[in-house]
Amino acid sequence: MTFGCAGTTVEFDETTARMTIDRNGHRWRNATGTEPVLHTTEASSAIPFSQAEQVVAERRTTGVGESVSVRYSGLGGTDYAFETHVWIESTTGDVIAEWIPLQDMALNVTRVAWPAPFAFDEPRDDWATLITHGQGTMIPNDWPIPTSDIPFDGRFWTEGGYMPFYAQIRNLGCSDAAGYVAICETPANAGYYIDHPAHGPHTHIGTWFEPSLGRMGYRRVIRYRLLDGNRATITDAAKTYREWAGEHGLLRMLAEKAVRNPSIRRLLGCMWMHVGAKTHVQPDSSMYDPEHPERNDALVTFEQRADQLRALHGAGVDRLYMHLDGWGQPGYDNQHPDYLPACAEAGGWEGLRALVDTAHECGYLFGLHDQYRDYHCNAATHDERNAVMLPDGSVPEHARWAGGRQRYLCGGLAPDYVKRNYRGLAAHGIDLDGTYLDVFTCNEGDECANPEHRMSRTDCYRERARCFRWLLERGILTSSEEVSDWAMPVLVFCHYAPYDFQLAAPDAPRAGVPVPLQNLVYHDCVVEPWMMDRVEGGDDYMLYALLNGGAPYLIRDAAYAGIDGDVGDAGVGGTLEDDIARCRVVADLHRRVGMLEMIGFDFVDGDVSRQRTVFADGTSVSVNLREGTYRIDLAE
């Protein structure tokens, strides 16, 4: 079946649900050997749409476009039925692909892979796939490293997919370039899958959808926007999504946020300091070291941290944000959400107040680490009835982190615990500038089937946003581990938003070329601190901080050795004076561009190791990653 509208033509095979899109002489056809499928618990292999016993197709013309609707029924020997609706929007020429459940109780569907990936089968370095894993990655079609093990299985709104889009561009950098941007408009229970073998010759990428609370339940939507010519660039792919994000209320600039919370402007030009007070590893934690029990505990007092702040101030650091881990009595990553009182061994409430006062006397900002997802079984008020329950009645748990055995707090209850704890902090005179709610913008939203507090993944994101919003209303600037665009309206800064390789071992093979997709969309919406490590024989991470117009980490003591981007012995050590000087270059740039849109990105002379960004005031930053050099051209 063939239909067209607004310069776009679609050919749709109603039996296989495969399609071809034509626009401006460029064709995108589903890859040979791929087709949409259902994954179920009943079938040992995926069930293609083409195995439906009945297929009924209908052409439609509506007030907003042209379409084909197809009903598929009788799959897997049952009466399972769903509908696909593929249509062309008359005002844009965009193609929208919808999957709609009709009779979804007959099979236990675990995943729907729809639509099928497009053919992208030339082993060329100017054929590129863009994914939002971390800050952003470009995978040339001939890239020598196979793509695998995307965190969270490529789930959108996690480290594996900060933003719910991906793109592919043919002939990148040429006048005859062509591409598409695939935007998942229903991302809460969705992600992407990708197949890129070593050296190509292909990269196939598609979208998956999963049930919510055991059922597919609602309509799932993917939008394809076609790009060509000088509009088919990395910048334009990101700006296509930025436009969509703005239309859907996600694009909330820092300047807007600063109207209600003026202290946001004090973050511009800050250096970041991430340190801890008390560490305690529980015996039932997988991190516990029984051979060296002394390694399971550590303490730096609040007074020692205050001395450190005074020393930095004396060394010439004029702007700084201090993030403190392990300030509660249980120690870092222990007994959440029952974390109060302040750690007695570190100095108690009086010591913590004195530390905050010292920070403010130095002109610095002060914030705490906190946690409202990990629900530790040894917390004073732990109650299994408040933990996340899966649809089968099980309650997931593990003991990976320092606090040992834990479950997950139902997100619907998190705002109540946030209010309790921060009212407690205020009652003890702790005057916070900011706080950090761990993992909220890095890990997936949870679902809970407990009828007392039943919660979908969409509900969970809404409740996490409530936590941030409550804090902002009290003048406490909000942050979390990484960035997800569901949180952009209520997030001020983050722990980091690094490229994927920066969270791996420095010598690990790289899955592609780092590109700043996140910042091309959201640079003017969130403050992102950047690692400043220099890797022996490798990268200087300062260059990425400059390229992204971010804030610098002056001190970043990883909470856990060897993970979260800790480069360990691979790092090149420097003096404090040298570290401050390097950070001052980054901080000065951030003071200038930290609230500006990143309006452009390109490879200088087509060399992926030479990258350039441009900000809204005309300031540009060029880096040579191979030689370790940079150039900043300030706007007049």
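Both backbone and side-chain heavy atoms feed into the values below; hydrogens, waters and symmetry mates do not.
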On a heavy-atom basis, which atom in Y553 and which in H495 lie closest, and how many Å separate them?
OH-O, 2.7 Å
Can you tell me if Q103 uses its side chain to pair, donor with acceptor, with the backbone of M105 under 3.5 Å?
yes
For a quick check under 3.5 Å, do N189 and Y218 share a side-chain donor-acceptor pair by atom type?
yes
Would the distance check show the side chain of S480 and the main-chain N or O of T441 forming a donor-acceptor pair, the cut-off being under 3.5 Å?
yes
Can you tell which of Y339, Y332, W327 makes a ring pair (Phe, Tyr, Trp, His ring centres under 6.0 Å) with H369?
Y332
Look at the side chain of H376 and the backbone N and O of H336, then say whether any donor-acceptor pair between them is shorter than 3.5 Å.
yes
Whether the side chain of Q502 engages the backbone of Y499 through a donor-acceptor N/O pair (distance < 3.5 Å, no angle test) should be reported.
yes
Closest heavy-atom pair, A551 versus C270, reported as atoms and distance to 0.1 Å, is CB-O, 3.9 Å
Search all heavy atoms of L250 against all heavy atoms of M488 and return the closest pair with its distance.
O-CB, 3.2 Å
Here's a test for you: under side chain to side chain contact (heavy atoms under 4.5 Å, CB included), which of L365, L355, D431 qualifies with H360?
D431
Before giving the answer on side-chain hydrogen bond (donor to acceptor under 3.5 Å, both in side chains), spell out for Q329 and Q335 the whole-Å C-alpha distance, their side-chain angles and the decisive distance to 0.1 Å.
CA-CA 9 Å; Q329 181 57 44; Q335 296 182 30; over 6 Å; no
NZ of K419 to SG of C467, rounded to nearest 0.5 Å, is 9.0 Å
Do F366 and L352 make a side-chain contact, defined as non-hydrogen atoms from C-beta onward lying under 4.5 Å apart?
yes
Determine whether a donor-acceptor pair (N or O, by modelled atom type, separation under 3.5 Å) exists between the side chain of T110 and the backbone of H39.
yes
Which residue, W530, F493, Y496, forms the ring pair (Phe, Tyr, Trp, His ring centres under 6.0 Å) with W272?
F493
Side-chain donor/acceptor of D338 to backbone N/O of A380, under 3.5 Å:
yes
Mark yes or no for whether R223, through its side chain, and A97, through its backbone, hold a donor-acceptor pair below 3.5 Å.
no
Is it possible for you to check whether R457 lies under 6.0 Å from the centre of the six-membered ring of Y461, through NZ or CZ, and within 45° of that ring's axis?
no
Give a yes or no answer on whether the side chain of Y522 reaches the backbone of R242 with a donor-acceptor pair at less than 3.5 Å.
no
Provide the closest heavy-atom pair for L432 versus I476 in the form atom of the first, atom of the second, distance.
O-CG1, 4.2 Å
Y408 ring center near H398 ring center (under 6.0 Å):
yes
Taking C-beta and beyond as the side chain, do F165 and L130 meet within less than 4.5 Å on heavy atoms?
no
Kindly indicate whether the side chain of L471, heavy atoms from C-beta on, has any atom under 4.5 Å from the side chain of R469.
no
Side chains of Q135 and E528: closer than 4.5 Å at any heavy-atom pair?
yes
S73 (side chain) donor-acceptor with A81 (main chain) under 3.5 angstrom
no
Indicate yes or no: at least one non-hydrogen side-chain atom of L107 is less than 4.5 angstrom from one of Y80.
yes
Of D446, L491, V490, which is the lone residue that meets side chain to side chain contact (heavy atoms under 4.5 Å, CB included) with R464?
D446
Electrostatic pair R353-E350, nearest N-O below 4.0 angstrom
no
Looking only at side-chain N and O atoms, does D438 offer a donor or acceptor that is under 3.5 Å from a partner on Y436?
yes
Short side-chain to backbone donor-acceptor contact, T435 and L368, under 3.5 Å
yes
cation_pi(R474, W470) dist<6.0 Å, angle<=45:
yes
Kindly indicate whether the side chain of Y72, heavy atoms from C-beta on, has any atom under 4.5 Å from the side chain of V70.
yes
Close side-chain approach of F82 and I100, heavy atoms under 4.5 Å
no
Is it the case that R407 places NZ or CZ above or below the six-membered ring of Y375, under 6.0 angstrom from the centre and within 45 degrees of the axis?
no
Taking the side chain as every heavy atom from C-beta outward, state whether T381 and R420 have any atom pair closer than 4.5 Å.
yes
Ignoring hydrogens and angles, state whether a donor on the side chain of D333 or Y560 is under 3.5 Å from an acceptor on the partner side chain.
yes
